[in-house]
2 protein chains.
Amino acid sequence: MRPREFDHDDVLRIAFDQFWRKGVRGTSLSDIARDAGVQRGSLYNAFGSKEALFLSAYERYASEYLAAIQKALSAGSLRQRLDAFFDVTIENMCAGSPPRGCPTTRGLMELGPAEGEGLDENARKAFADLMTRITGLLQDALSEGAARGEFNGAPEISALHIATVTRGLALIERAFGDESKLRVIAAHTVDLMLGEVDAQSAMRSG
Amino acid sequence: MRPREFDHDDVLRIAFDQFWRKGVRGTSLSDIARDAGVQRGSLYNAFGSKEALFLSAYERYASEYLAAIQKALSAGSLRQRLDAFFDVTIENMCAGSPPRGCPTTRGLMELGPAEGEGLDENARKAFADLMTRITGLLQDALSEGAARGEFNGAPEISALHIATVTRGLALIERAFGDESKLRVIAAHTVDLMLGEVDAQSAMRSG
DNA sequence: ATATGTTTTTGACATGATGTCAAAAACGCG
DNA sequence: CGCGTTTTTGACATCATGTCAAAAACATAT
């Protein structure tokens, strides 16, 4: 057994950083190999393919990201939780210069519905899995909120709605690069969930 | 002046069909050239680059799509208009087998935030433009609805919210490939906009 | 210590993509 | 009938992914 000459996790971090900044399509294995001081062939030997390397790097990211979401959704009033959720989400998308965007959204569009016949099921599953988990966490938060009387909608569909908005934010970010717009949408979404908009407009019109 | 041997619009239609089915990344100019019965070099001569060809094809699509959206948003009650809007949107995403997804969303993630430094401003602008126009049409519909007493929220932010949900739907489609889920989210969004959810839950709890 | 076996590394190779370029071809027009 | 302009065509350069076999490096058994 000849020992590996590079650190597996180092490569994953370096690779994901590049994937995040330049997209999966815009990052070549030569780039990563140079950055990591590894031979290109070694990456193939260790990970199998570019997509597999991306997936490994992505899953590393996903678990960290999910932990951050979970933490954000687990303290304070429901409004505070949802605000914190969107805060983490938007921070994540807008970090870096230029902003790196959302890796899940980008990856889903770059890899998920792959070319021709052979769609990459593993990639699609990884992305879908993160989205499902986030939706689950949202649903838990909403259910708790409902139990505490902070929310009077249906947790399941509302969680799905918020998850959808979250994905939409990633597109708004790419199209307009305007973080403040994301914040406005997020705040409005929380208001919608918590019925504040209707209450306010009822007050205005009443 | 030697005359062109192929029809410009035919090529655009053929190209967009391929881009739509296989993604920009997954479609090579050789594919398009073969399908269109044209030499690859002729495409470069006529369009300049793959991205430029995609953009030409995309703008053709965008104007048609926008017209369909506009039509959907211009008849009946506000609820009917929003329902029709989502109907057109979801039909558009789920058409084809396998479903082709949303070209705008996909293109924005494939081309908009391009690799490295040189992000493709033209592409990003084209996608952002469609999103802006759709948001504008939504805002008009909501404003009219507000004037007729069918809506009591703020048209501007609500239109942005719906546009965001619309983008999110494209991701849901890619991740889960479940059209019914899209319909549920769309219906819920309309209900949210029109205050039906709160009214219903108020009735339930009252 | 030495031989063996297993895994990694390394470089060459195959394939296919984008994009460029110059030469040839085809047409309108003076 | 030639002239000039544009398109076509094929060759070429470059770069990407991915494969493969040979060489290298270490663990382990004898």
Side-chain angles (χ1 to χ4, degrees), chain A residues 1-12 14-16 18-19 21-58 106-107 110-123, chain B residues 1-12 14-16 18-19 21-58 106-107 110-112 114-120 122-123:
Chain A
M1 287 272 292
R2 174 174 181 174
R4 192 169 284 155
E5 291 180 5
F6 61 90
D7 185 82
H8 209 270
D9 282 2
D10 282 351
V11 168
L12 285 186
I14 290 171
F16 192 71
Q18 299 232 359
F19 284 136
R21 288 203 331 263
K22 304 187 293 184
V24 178
R25 175 190 171 217
T27 302
S28 75
L29 284 199
S30 305
D31 292 342
I32 295 169
R34 186 171 358 92
D35 238 54
V38 177
Q39 211 73 13
R40 200 169 57 89
S42 297
L43 296 180
Y44 278 98
N45 177 261
F47 299 99
S49 72
K50 181 180 176 178
E51 285 192 8
L53 169 57
F54 171 77
L55 271 197
S56 290
Y58 176 77
R106 187 165 192 167
E110 277 191 321
L111 301 181
E115 44 265 41
E117 319 303 331
L119 68 157
D120 188 330
E121 263 306 296
N122 290 330
Chain B
M1 286 270 295
R2 175 174 179 171
R4 192 169 283 153
E5 291 181 7
F6 61 90
D7 185 81
H8 208 269
D9 281 2
D10 282 352
V11 168
L12 285 186
I14 291 171
F16 192 71
Q18 299 232 358
F19 284 137
R21 289 203 331 263
K22 304 187 293 184
V24 178
R25 177 190 169 217
T27 303
S28 75
L29 284 200
S30 305
D31 293 341
I32 295 170
R34 184 171 0 91
D35 238 56
V38 176
Q39 212 72 15
R40 200 169 55 89
S42 298
L43 296 180
Y44 278 98
N45 176 260
F47 299 100
S49 73
K50 182 180 176 178
E51 284 192 9
L53 169 56
F54 171 77
L55 271 198
S56 289
Y58 176 76
R106 186 165 193 170
E110 276 191 321
L111 300 180
E115 44 265 39
E117 320 303 332
L119 67 156
D120 190 330
N122 291 330

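Reminder, nothing fancy here: chain letters follow the sequence lines and each chain counts from 1.
- What separates OH of A:Y44 from P of D:dA21 is a distance of 18 Å, to the nearest Å.
- What separates CG of B:L53 from C1' of C:dA17 is a distance of 15 Å, to the nearest Å.
- Taking atom CZ on A:R25 and atom P on D:dC15, their separation rounds to 17 Å, with Å as the unit.
- Scanning for side chain to side chain donor-acceptor pair (under 3.5 Å) contacts around A:S56 gives an empty result, with sequence neighbours left out.
- For the pair A:K50 NZ and C:dT15 P, the interatomic distance rounds to 21 Å; values are reported in whole Å.
- For the side chain to side chain donor-acceptor pair (under 3.5 Å) test, no residue two or more places apart in sequence or in another chain qualifies with A:D7.
- Distance check, rounded to the nearest 0.5 Å: CZ of A:R106 to OH of A:Y58 gives 14.0 Å.
- With sequence neighbours excluded, no residue forms a salt bridge (charged side-chain N to carboxylate O under 4.0 Å, His left out) with B:D35.
- Summarising the geometry, atom OG belonging to A:S49 is positioned 8.0 Å from atom CG belonging to A:L55; distances are rounded to the nearest 0.5 Å.
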Might you list the N or O atoms of the protein lying below 3.5 Å from N or O atoms in nucleotides 6-13 of chain D, with each pair's distance?
unit_1: D:dT7; atom_1: OP1; unit_2: B:R4; atom_2: NH2; d: 3.1
unit_1: D:dT7; atom_1: OP2; unit_2: B:N45; atom_2: OD1; d: 3.4
unit_1: D:dT7; atom_1: O2; unit_2: B:R2; atom_2: NH1; d: 3.1
unit_1: D:dT8; atom_1: OP1; unit_2: B:E5; atom_2: N; d: 2.6
unit_1: D:dT8; atom_1: OP2; unit_2: B:S42; atom_2: OG; d: 3.4
unit_1: D:dT8; atom_1: O5'; unit_2: B:S42; atom_2: OG; d: 3.4
unit_1: D:dG10; atom_1: OP2; unit_2: B:Q39; atom_2: NE2; d: 3.2

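- Note on the helix from C:dA1-D:dT30 to C:dG30-D:dC1: terminal axis deviation equals 10°, with five pairs used at each end and the result rounded to 10°.
- Residues passing the salt bridge (charged side-chain N to carboxylate O under 4.0 Å, His left out) test with A:R4: none are found, sequence neighbours excluded.
- Atoms CZ and CD, from A:R34 and A:Q18 in turn, are 7.5 Å apart once rounded to the nearest 0.5 Å.
- Atoms CZ (A:F47) and P (D:dT17) sit 15 Å apart, rounded to a whole Å.
- Remark: the backbone N or O of B:E110 is not paired with any side-chain donor or acceptor of B:R25 at under 3.5 angstrom.
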